[in-house]
Amino acid sequence: MEHLFHKLWENGESDFYPCHMPGHKRRACGQLPEVLAKLDITEIDGFDNLHQPEGILYELQKKAALLYGADESFYLVNGSTAGILSAVSCVLPMGGHILMGRNCHRSAYHAAYLRDLEISFLYPQVCGEYDIFDGVTAGEVQDALDREPDVGAVLIVSPTYEGRISDIQAIARAVHDRGIPLIVDEAHGAHLGLAEGLAPNSCQAGADLVIHSVHKTLPALTQTALLHVKGSLIHRDYLKRFLHIYQTSSPSYLLMASIDNALSYVEKEGKWAFERFQKRFMLMQERLSACRRLRILPADPQRQDVGKLVISVKGTYLNKAPLNGKDLYDILREKYHLQPEMAAGSYVLAMFTVGDSEEGYSRMEQALLEIDSRLWRQSGAEDSDLFLYGLQGTGHGTLSLKTAWEMETESVDISESVGRYAGEFVNLYPPGVPVLVPGELIAEDTCSNLRRCLERGLTVQGLEIQNGRIKVKVLRNCSDRSQIRGSTPECV
Ligand SMILES: Cc1ncc(COP(=O)(O)O)c(C=O)c1O
């Protein structure tokens, strides 16, 4: 089958003059290199149309479905974000009721806002030693569905940002027993199920809608993603309707060619590439097991994704001062020129994929072993960061996200926000998982935790700093001083 990049090259070299968009007319301009301009086209003859695919894009999407074991797959050009918005929107009517992980990405909350959904939360367990959310279990989903029998769809994240994998097969059974669909935000798992040794992907495990960021774990350009659908619970026309709404009408062919290229690479070279990748990652883990102070979360193909290196600094000291995740992140960047994926309060996350070179692994190994030799550990000095993904968020109380996000807000000093309702999302970035959701009651712990995040230099979105004071948006004239979860707010 013809590759999209090949077709784009051919077109770029042809004598067809582009009397059409884009405005660069396939020529270099300023800092825009000719090589990019040459390949960047819009829907012209012979290149099909993403919103009504009948030619090459139809074939490529079919190929993607076959690779992942889906019934149908869709190319996404504005990330998993577009897939999550479309998936959540199509499974429920306006005002429907969704059960979703509290650790979902902001795009899931945005979908709930747009569709005015009632949200019931699943609070995943925490891997205490590492301060990260674990996957969810079928039992937890079942219990939640017993408590909320009118839920119409379930959305969970697996693998999580840090690589925790849930048993999707068992969860899908529990969800299907109620006759409702399961959406899996598998943004971090586009590589799953593609080679021996990797956990199955969620299409293979029985989910109805699965979203993959191709750009996160496969060799593809940023923004590339896929949405897969399987089974008979999803209304395909609704799904397509929402894809038309949330995806641009001018999809980038560079991005789509990059998806095709990544999947073709998997087909052609995936077997040895994933084998080599898994072996090398596991070797790095083995070498790093020599660390005496830093703790490395062990990979486990079925529970902890290969490729996510979680390095915990809990309880470690450097030059007599406690070391936090941001400190380690800064040392890796500044001294070793290694750019990690993210820093959290007590750990650093570094990502590895089939795209890595030997240099990346060996530099990370050397850096961490060297840093470890300079640290010391004090038992009992564990610095807990369980707050990082909003664990201490109080849940929604009685306000729906849509109601809350459209109410008038005011900015107050964070110390005065306790017992008030959040008026804006607050999250660490990355990973974009809300610590506070509009309409959620603000607790004392959440405030002190957010203060600590800022003190540690972590990027917190949704707060304002004015004259050195931390301000947070809260709903105007609406408070509940009793701070009881679910209690009726007093709104005047
Ligand atoms: C769990 C999860 N889901 C969805 C997204 C959104 O993905 P994208 O950036 O491809 O839109 C992210 C982004 O980091 C994520 O971590």
Side-chain angles (χ1 to χ4, degrees), residues 64 73-89 98 100-114 121-122 124 132-136 154-166 168 182-192 199 201-202 207 209-228 242-243 245-248 251-252 254-256 258-259 262-263 304-305 307-308 310 339-344 347 349-351 353 388-390 425 427-435 437 458-461:
S73 296
F74 301 89
Y75 273 30
L76 304 173
V77 290
N78 50 331
S80 283
T81 295
I84 292 167
L85 290 171
S86 306
V88 171
S89 299
I98 190 164
M100 67 184 229
R102 178 63 179 80
N103 59 336
C104 277
H105 182 255
R106 264 185 76 153
S107 52
Y109 291 85
H110 292 168
Y113 164 76
L114 289 168
F121 285 121
L122 274 168
I132 59 174
F133 273 127
D134 207 343
V136 292
V154 177
L155 166 63
I156 61 166
V157 182
S158 175
T160 61
Y161 207 86
E162 292 79 9
R164 302 307 290 167
I165 300 173
S166 300
I168 300 299
L182 171 67
I183 306 169
V184 180
D185 172 357
E186 205 165 68
H188 290 272
H191 57 300
L192 294 187
N201 68 57
S202 294
L209 285 162
V210 180
I211 300 102
H212 283 144
S213 285
V214 185
H215 69 94
K216 291 194 198 304
T217 58
L218 291 179
L221 295 177
T222 300
Q223 285 188 213
T224 55
L226 290 164
L227 169 66
H228 310 282
F242 286 107
L243 283 167
I245 293 173
Y246 296 129
Q247 291 237 80
T248 171
S252 158
L254 259 179
L255 295 185
M256 293 191 285
S258 162
I259 300 177
L263 302 191
Q304 174 60 33
D305 190 23
K308 294 286 172 82
V310 179
Q339 172 65 64
E341 169 65 21
M342 76 171 269
Y347 63 92
L349 171 67
M351 279 181 64
T353 72
L388 284 178
Y389 295 108
F425 282 99
N427 62 271
L428 288 159
Y429 193 83
V433 175
V435 174
V437 177
L458 299 174
T459 306
V460 183
Q461 293 178 330

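Counting starts at 1 for both ligands and their atoms, in listed order.
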Worksheet item: Can you tell me if Tyr161 and Glu341 form a side-chain donor-acceptor pair at under 3.5 Å?
Response: yes

Item to complete: Look up atom OG in Ser166 and atom CG in Leu122, then write down how far apart they are to the nearest 0.5 Å.
Response: 9.5 Å

Worksheet entry | Amino acids in close contact with ligand 1, where any non-hydrogen atom sits under 4.0 angstrom away | Gly79, Ser80, Thr81, Ile84, His105, Val157, Tyr161, Asp185, Ala187, His188, Ser213, His215, Lys216

Fill in: Value rounded to 0.5 Å, distance of NZ in Lys216 from OG in Ser80
6.0 Å

Discussion item. If only side-chain N and O atoms count, and only distance matters, is there a donor-acceptor pair under 3.5 Å linking Asn427 with Gln461?
Written reply: yes

Worksheet item: When the ring planes of Phe121 and Tyr109 are compared, do they come out parallel, tilted or perpendicular, using 30° and 60° as the limits?
Response: tilted

Practice prompt. Output, in order, the C-alpha distance, side-chain angles, deciding distance and verdict of side chain to side chain contact (heavy atoms under 4.5 Å, CB included) for His105 and Asp185.
Written response: CA-CA 9 Å; His105 182 255; Asp185 172 357; 4.2 Å; yes

